[in-house]
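Before any comments, here is the structure.
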Amino acid sequence: MTAPADRRGTVPDVSADALAPVRAELVRAARADADAVLARARADADETVRTARAQAASLLEQARQDGVRDGAAEVTGERVRARQDAWSRELAARAEVYAELRAEVRTRVQETLTNDAALRTRLRERARALLGAPALITAADDGGVTADAPGRHVDLTVHALTDRALTRLGAEAETLWAP
Amino acid sequence: MSAPGEIEYTRVRDLHGPLMVVEGVNGVGWDEFATIALDSGERRHGLVLEVDRDLAVVQVLEDTAGMDPGGTRVAFSGTPLRIPVGTGWLGRVCNGRGEPADGGPPVLGSVDAPVGGAPINPVRREPPTEAVLTGVGAIDVLTTLVRGQKLPVFSAAGLPHLQLAVQVAAQATCGGEAFAVVFAGMGLTHADAAFVRDGLAERSAARELVLLLNTADDPVIERLLTPRLALTVAEHLAFDGGRHVLVVMTDMTAYSEALREVSAARGEIPARRAYPGYLYSDLASLYERCGRIRDRPGSVTVLPVLTMPAGDITHPVPDLTGYITEGQIVLSAEVHTRGTYPPVDPLGSLSRLMRKGAGEGRTRDDHPPVAAQLIAALARAREVRELADLIGRPALSAVDHRYLDLEDAFLRRFLAQGADENRPLDEALDRAWEVLLTLPPSQLGMIPAALLDAHRAPGDDHPGAEGTPP
């Protein structure tokens with residue numbers, strides 16, 4: 001029962017020789033695969049780096065453009081706000097001047113009525129002309145008069161006269177602030 | 001002889017809603033403007049609605065709330081309401097009655113004009129021509145606004161019509177010619193009013209804007225005056241000042257509701273949905289004030305915005321408006337739901353005068369055929385979509401699929417636009433071409449071959465695409 005043992009002992013030697021090229025080829029193929037994988041990995045790494053750099057450059061460019069746009073929008077907004085503020089101040093100043101004009105007109109009308117008895121008489125006559133002789137005429141505190149008849153009223157106070165004068169003045173008041 | 005306004009009448013017989021009945025008057029005429037003085041020193045304003053012997057019915061703009069019949073005096077001006085007109089209005093912000101809301105003095109002018117306006121002599125009317133470019137691609141390309149035209153925006157609650165109105169008012173131009181915008185806001189909430197002011201700040205700072213704002217808590221009756229003031233100011237800026245003026249009026253439904261309220265208070269017989277029977281002629285008296293006049297410079301273009309209650313286009317306000325105006329821009333809840341701004345419904349929108357403002361020598365020679373082809377293609381796309389709902393997408397032909405692609409490209413590439421994006425017409429038309437070229441050339445039969453060849457990319461023939469299922 002030794003023959004099989006001999007056959008087994010002989011076969012390995014022969015097989016080892018016969019498989020050497022296979023082994024060598026496997027090793028070579030494995031190395032080639034490894035090299036290819038390595039090369040691909042390197043290429044992938046290079047590509048990843050390239051893509052990342054391109055993406056970074058693109059993001060940078062986008063950020064730059066966004067910054068320029070945001071900056072321009074901010075500048076535009078700031079300019080509009082500045083123009084608005086300036087215009088608001090100008091309007092407020094005009095309103096102030098207009099109010100001063102009204103106050104000045106009122107003061108002058110009041111002074112004139114106080115100093116001019118004939119004018120006061122004319123106001124009373126005007127009130128009677130409007131409402132008729134039986135109208136009740138009352139002197140107002142500010143120097144003018146009011147008159148009442150049934151269902152009708154006439155206001156010739158300084159306040160009312162000033163308002164009417166300014167309404168008639170119209171756009172001439174703009175000469176106060178027009179260049 | 002008394003000067004107008006010198007005599008004040010003190011017998012107030014009745015106060016009823018916005019109406020006041022004064023007796024004992026003499027020489028008062030219909031539509032006269034009245035100034036009402038209260039014992040508290042407060043002043044209100046009104047218009048004479050009716051006169052019968054010594055009785056006058058006055059419509060009080062600020063309402064009669066808090067008025068004491070025993071302490072009220074009424075002076076009649078002798079004329080309908082007149083306002084000063086001129087460039088003094090530019091850059092100003094006023095309330096719905098034209099009183100300053102910007103801290104400035106009263107608006108002054110060397111001449112004044114009746115707010116009721118004078119109808120333009122039909123013989124002297126010039127037909128609208130040349131475009132007003134809004135910087136909104138969907139409007140400029142598909143429903144071009146023409147100088148002197150009246151083109152309403154039909155919207156519904158919840159849609160961004162105010163945003164669109166402000167965008168148009170902020171961006172509109174007339175090819176470098178003198179231009180101004182008059183914006184009349186009616187029934188706006190304070191948030192909306194602030195939005196309008198902010199959105200138009202640049203134009204206002206450039207003194208190209210007149211802003212009249214009637215807010216929701218202002219007297220309802222004041223709303224009847226606001227659009228008339230706006231148009232009166234605009235007419236003078238246009239026909240005496242030589243500017244092209246765009247008048248944006250929003251919301252005309254709020255205006256019509258104010259008209260209904262006064263009509264009900266007067267006890268008039270109501271017509272459809274309780275609006276007065278004269279709603280049509282009242283709206284026409286506003287819209288018809290736009291136009292161009294022979295031998296006079298400038299133009300008045302009107303863009304009324306109205307909300308259709310429950311989205312109902314047969315509601316009296318959009319219905320009657322549609323009879324008067326020259327087309328409409330319809331906003332769509334469906335497009336809005338898909339997240340696209342501006343949600344213009346291209347198939348429901350139309351500018352009847354577009355041909356007078358678009359094309360060679362006006363905008364671009366390819367403009368009319370591109371607009372027509374785009375509308376036709378979108379109509380077909382809608383049919384295809386409905387068909388796909390019935391038979392399923394796999395059963396559609398290749399060309400049908402291209403139409404669905406076109407509809408998608410239309411929403412994404414053409415219609416969608418930023419609310420602060422001022423899109424030049426050239427860019428908008430180029431985008432329209434981009435959308436159209438989603439289709440094979442054989443489907444673009446409305447475009448002249450030369451134009452098509454000039455815009456097609458080489459090799460873009462897609463032979464065999466038609467009729468083959470995918």
Quick check: closest heavy atoms across B:A201 and A:Q84, and the distance to 0.1 Å? CB-NE2, 3.5 Å

Heavy-atom count check: over 12 atoms from other residues, nucleotides or ligands less than 6.0 Å from B:E421 CD? yes

Contacts of type side-chain contact (heavy atoms from CB on, under 4.5 Å), residue A:R152, not counting sequence neighbours: A:L131, A:A149, B:I7, B:Y9

Looking only at B:G109, B:A75, B:A37, most heavy-atom pairs under 4.5 Å shared with chain A are made by B:G109

Nearest heavy-atom neighbours spanning A:P150 and B:R11: CB-NH2, 3.6 Å

Give a yes or no on this: more than 12 heavy atoms of other residues, nucleotides or ligands lie within 6.0 Å of atom CZ of A:R81. yes

Taking NZ, NE, NH1 and NH2 as the nitrogens, is one of them in A:R126 or B:E6 under 4.0 Å from a carboxylate oxygen of the other? yes

Are more than 12 heavy atoms from other residues, nucleotides or ligands located less than 6.0 Å from atom CG of A:D46? yes

Just how far is it from atom CG of A:L166 to atom CG of B:L108, taken to the nearest 0.5 Å? 9.5 Å

Kindly check if the number of other-residue, nucleotide or ligand heavy atoms within 6.0 Å of CG (B:N26) is above 12? no

Quick check on the structure: residues of residues 91-99 of chain A within a heavy-atom distance below 4.5 Å of chain B, by number. A:L91, A:A92, A:R94, A:A95, A:Y98

Does a sphere of radius 6.0 Å around CH2 in A:W177 hold more than 12 heavy atoms from other residues, nucleotides or ligands, not counting ones at 6.0 Å or beyond? yes

Nearest heavy-atom contact between B:A205 and A:V80 is CB-O, 4.3 Å

To the nearest 0.5 Å, what is the distance between CD (B:E8) and CG (A:D148)? 9.5 Å

Under 3.5 Å, side chain of B:T10 to main-chain N/O of A:G151, donor-acceptor pair present? yes

With chain A as the partner, which of B:G88, B:G104, B:P105 has the greatest number of non-hydrogen pairs under 4.5 Å? B:P105

Should the heavy atoms of other residues, nucleotides or ligands under 6.0 Å from CD of B:E202 be counted, would the total exceed 12? no

What residue in B:G91, B:G86, B:P84 has the most heavy-atom pairs under 4.5 Å with chain A? B:G91

Between A:R164 and chain B, which part of the residue has a heavy atom less than 4.5 Å away: side chain, backbone, both or neither? side chain

Heavy atoms of A:A171 and B:S110 approach each other most closely as CB-N, 3.4 Å

Residues at least two apart in sequence or cross-chain that pass ring pair (Phe, Tyr, Trp, His ring centres under 6.0 Å) with B:H45, listed by chain then number, are B:F33

Output the residues of residues 107-124 of chain A for which the shortest heavy-atom distance to chain B is under 4.5 Å, in residue-number order; output 'none' if no such residue exists. none

